[in-house]
Amino acid sequence: MGFTTKQIHAGVRPDPITGSIVTPVYQTTTYVQESVDQYLAKGYSYSRSANPTVTALEHKLTVLENGHACTCYSTGMAAIQAVLQASLSAGDHAVISDVAYGGTYRLCTKIYQRFGVEFTFADTSNPSAVSAALRDNTRLILTETPANPTLKLTDIAAISEIATSKGIPHAVDNTFLTPYYQRPLELGADIVIHSTTKYFDGHNATVGGAVVTKNAQWDDAIRFIQNATGVIMSPWVAWLTMQGAKTLSVRMDRQSANAMAVAKFLESHSKVERVCYPGLASFSQRELARRQSSGSGAMLWFEVRGGAQAGKRLMDAVELCSLAENLGSVETLITHPVTMTHADVEPEERARVGITDGLVRLSVGLEDEQDIIDDLSQALELV
Ligand SMILES: *Cc1c(COP(=O)(O)O)cnc(C)c1O
């Protein structure tokens with residue numbers, strides 16, 4: 001079956017009692033057991049451990065990422081934490097992409113370092129930099145590709161090969177492209193992470209996360225963390241995310257087409273210094289993008305001539321585009337990473353990895369392409 005059929009039907013069965021075609025929200029804390037001897041006979045005991053609505057979403061994401069199993073979390077950060085907790089102990093070391101979601105960097109440097117875990121933030125777009133960063137105590141390689149916000153790509157197959165040869169798990173944050181365009185497990189990765197807040201929800205309605213694993217060993221380790229630390233997704237969020245997931249490919253296709261049109265418009269505009277979008281011929285890692293993903297996604301960034309001040313004037317001048325954090329939703333969102341999503345990354349570190357003060361991030365939405373272009377066009381006249 002094709003991806004679009006699977007995104008609608010995988011994990012979902014008509015409700016056994018009523019026939020309801022949409023999985024109900026099982027809004028319950030506990031589950032009545034038949035007898036002490038038949039404890040857990042129906043698979044559920046307490047909603048911190050598992051919940052049928054959450055389970056349905058987990059099954060769907062497992063199928064879409066072509067994995068062994070999935071666990072869902074209260075947020076994307078909780079999903080990333082579960083992977084860190086399942087793989088690292090005090091004294092261990094992890095290699096992380098030097099460009100990644102700002103919250104990932106903050107979690108590692110501000111919290112896990114306090115517990116005695118060491119990190120190297122490496123340029124994972126360069127496999128030899130990853131090999132060079134490995135130590136005897138390295139227990140995890142975590143990459144994000146395309147990276148938030150610079151869109152730098154990591155070669156998933158090459159890094160997975162390095163990881164496998166050393167017996168280290170390779171986890172990939174696949175939030176930006178989703179399994180519709182990129183499936184890291186098929187390229188050799190062990191674990192896939194999502195902020196479902198973004199494209200799976202797609203409607204700016206929830207925050208959530210997911211971890212899809214390749215085998216039972218990793219699933220057991222991570223599922224234990226999901227229960228022990230109490231970070232499971234709520235049934236209501238799972239229900240909304242499942243409804244969003246049913247239209248993922250349709251939204252991704254349309255939003256990517258919009259992003260391509262917007263990127264071309266910006267590239268040809270005299271007030272725009274540069275544009276970065278993986279679908280443009282000018283994208284520096286075009287060949288890798290083609291090799292490991294089947295689409296370019298709907299995230300892009302650009303710099304306005306006149307630097308940070310001009311960029312800020314543009315972000316204040318847009319009307320249809322919303323100045324907001326988040327990405328992947330039907331609404332076009334414009335973000336200033338230095339002030340917003342990556343404010344907790346030190347200025348020197350930001351400069352080192354290319355997150356400039358003038359970088360404007362655009363999450364292209366589902367509106368009519370001409371309306372998005374018209375809005376940016378009128379705003380560019382004002383800078
Ligand atoms: C947003 C985001 C996260 C964090 O997810 P939350 O749901 O906001 O906790 C992690 N990784 C990437 C790539 C993101 O864009």
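Whatever order the structure lists ligands and atoms in, that order sets their numbers, starting from 1. We count residues from 1, following the sequence as given.
For the pair Asp368 and Arg254, the salt-bridge criterion is met [side-chain N within less than 4.0 Å of a carboxylate O].
The aromatic rings of Phe121 and Phe119 lie parallel to each other, their planes meeting at an angle below 30°, with 60° marking the opposite boundary.
Under the side-chain hydrogen bond (donor to acceptor under 3.5 Å, both in side chains) criterion, the residue pairs touching residues 276-286 are Glu267-Ser282, with sequence neighbours excluded.
The backbone N or O of Ala100 sits nowhere less than 3.5 Å from a side-chain atom of Thr104 that would complete a donor-acceptor pair.
Cation-pi geometry between Lys198 and Tyr101 is satisfied (NZ or CZ under 6.0 Å from the ring centre, within 45° of the ring normal).
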Quick check for students: name every N or O atom pair between ligand 1 and the protein closer than 3.5 Å, with distances.
residue: ligand 1; atom: 5 (O); partner: Ser195; partner atom: OG; Å: 3.0
residue: ligand 1; atom: 7 (O); partner: Gly76; partner atom: N; Å: 2.9
residue: ligand 1; atom: 7 (O); partner: Ser195; partner atom: OG; Å: 2.8
residue: ligand 1; atom: 7 (O); partner: Thr197; partner atom: OG1; Å: 2.7
residue: ligand 1; atom: 9 (O); partner: Gly76; partner atom: N; Å: 3.0
residue: ligand 1; atom: 9 (O); partner: Met77; partner atom: N; Å: 2.9
residue: ligand 1; atom: 11 (N); partner: Asp173; partner atom: OD2; Å: 2.7
residue: ligand 1; atom: 15 (O); partner: Asn148; partner atom: ND2; Å: 3.3
residue: ligand 1; atom: 15 (O); partner: Lys198; partner atom: NZ; Å: 2.7

Next item on the list: Just do the salt bridge (charged side-chain N to carboxylate O under 4.0 Å, His left out) check on Asp344 and Lys110 with the steps written out, would you?
Entry: CA-CA 10 Å; Asp344 278 353; Lys110 298 273 167 33; 5.6 Å; no
